[in-house]
Amino acid sequence: MQDNPQRDDNFDRRRLLKGAALAGLAALLAACGTTPTKTGQHRPRPGKPGGDTSLSNLRADGNGREILLYTIGLLDGGYRFGGNNPEAGLDCSGMVSYIYQNAVGIRLPHNAAQIAGIARPIPDNQMQVGDLVFFNTMNRPFSHMGIFIGDGKFVHAPRSNSTIRVARLDNVYFAPRYEGARTVLRA
C-alpha cells in the first residue's frame with residue numbers, strides 16, 4: 001500500500017488551522033479575563049419572566065437621548081461574537097462601543113470587563129438613560145453588559161442566533177446575575 005503525501009498534507013493543514021482557530025478563540029476569551037472590583041449594589045428582585053419591555057415610557061435628555069436613539073435604532077439587529085458593526089452583527093460590548101462612539105464620540109474598548117474597569121460605579125437609584133449595566137452570565141464578573149434605557153429596562157446583544165433586544169433588570173434570568181451599574185457620562 002502506497003502512502004498519499006497530498007492526503008497527509010491536507011490532514012496536517014486542517015490540523016494546523018484547527019489549532020490556530022482554537023488559539024484565536026482562547027485569546028478572545030482571555031481578553032475578558034480581567035475583572036474590576038464589584039460594588040455593594042443591591043440586585044433587582046426577580047419579576048415575571050419577560051415582563052414589560054415596551055418603549056412607551058422612555059425619556060432622556062442630552063447625551064442620554066443620543067445614546068437612546070442609537071440604541072433603539074439597533075433593536076432586532078443581529079448578534080455576532082466579536083462583532084463591532086451593525087452590518088456584520090454585534091456582541092454586547094461591540095454594541096456598547098459602537099453606540100457610544102457614534103452617539104457621543106466616546107471611544108470604549110470592545111470588552112465588557114475592560115469597559116467596567118474604566119467606568120465609574122453608580123448606585124442603582126442614580127442610573128440615567130445611557131448608563132451601563134453589567135452581569136455575570138458566564139461564571140465570570142462583568143461577562144455581559146447592556147445600556148440602561150430607563151423604566152427598569154436595558155438593551156443588550158444576548159447570544160448567537162439572537163437579536164439585539166430590550167430586557168428588564170428584574171427579569172428572572174438577569175436579576176440574580178446583576179453586577180451593578182456604571183457610567184462614563186458623568187464625572
Has [X] got a side-chain atom pairing as donor or acceptor with [Y]'s backbone, closer than 3.5 angstrom?
X: R165; Y: T163; answer: yes
X: R80; Y: P86; answer: no
X: N84; Y: G94; answer: no
X: N85; Y: E87; answer: yes
X: R182; Y: A116; answer: yes
X: S143; Y: N136; answer: no

Exercise for review: Would you check if L74 and M95 make a side-chain contact, meaning some heavy-atom pair closer than 4.5 Å?
Suggested key: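 Yes, at least one pair of side-chain atoms sits under 4.5 Å.
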For the atom pair [atom1] ([X]) and [atom2] ([Y]), what is the distance rounded to the nearest 0.5 Å?
X: I99; Y: I147; atom1: CD1; atom2: CD1; result: 3.5 Å
X: R120; Y: I122; atom1: CZ; atom2: CD1; result: 7.0 Å
X: Q114; Y: S97; atom1: CD; atom2: OG; result: 9.5 Å
X: L132; Y: C92; atom1: CG; atom2: SG; result: 10.5 Å
X: H144; Y: R177; atom1: NE2; atom2: CZ; result: 11.0 Å
X: Q101; Y: H110; atom1: CD; atom2: NE2; result: 13.5 Å

Assigning hydrophobic clusters by single linkage (Ile, Leu, Val, Met, Phe, Trp, Tyr; side-chain heavy-atom cutoff under 4.5 Å), is [X] placed with [Y]?
X: L69; Y: I67; answer: no
X: I118; Y: L185; answer: yes
X: L75; Y: Y100; answer: yes
X: V129; Y: I106; answer: yes

Point to revise | N125 atom CG: more than 12 heavy-atom contacts under 6.0 Å | key: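 Yes, CG of N125 has more than 12 neighbouring heavy atoms, counting only those of other groups under 6.0 Å.
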**Study point:** Result of checking F148, F134, F174 against F154 for ring-ring contact (aromatic ring centres under 6.0 Å, His included)
**Key:**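 The residue from F148, F134, F174 that satisfies ring-ring contact (aromatic ring centres under 6.0 Å, His included) with F154 turns out to be F174.
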Review point. Which atom pair, heavy atoms only, marks the closest approach of A157 to D91?
Key: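 Minimum heavy-atom contact is CB-C, 3.7 Å.
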Check your understanding: Any chance the rings of H156 and F135 have centres within less than 6.0 Å?
Key ->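 Centroid distance H156-F135: not below 6.0 Å, so no.
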Practice item. State whether a side-chain donor-acceptor pair under 3.5 Å links D131 with T183. Key: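 Looking only at side-chain atoms, T183 and D131 do form a donor-acceptor pair, the distance falling under 3.5 Å.
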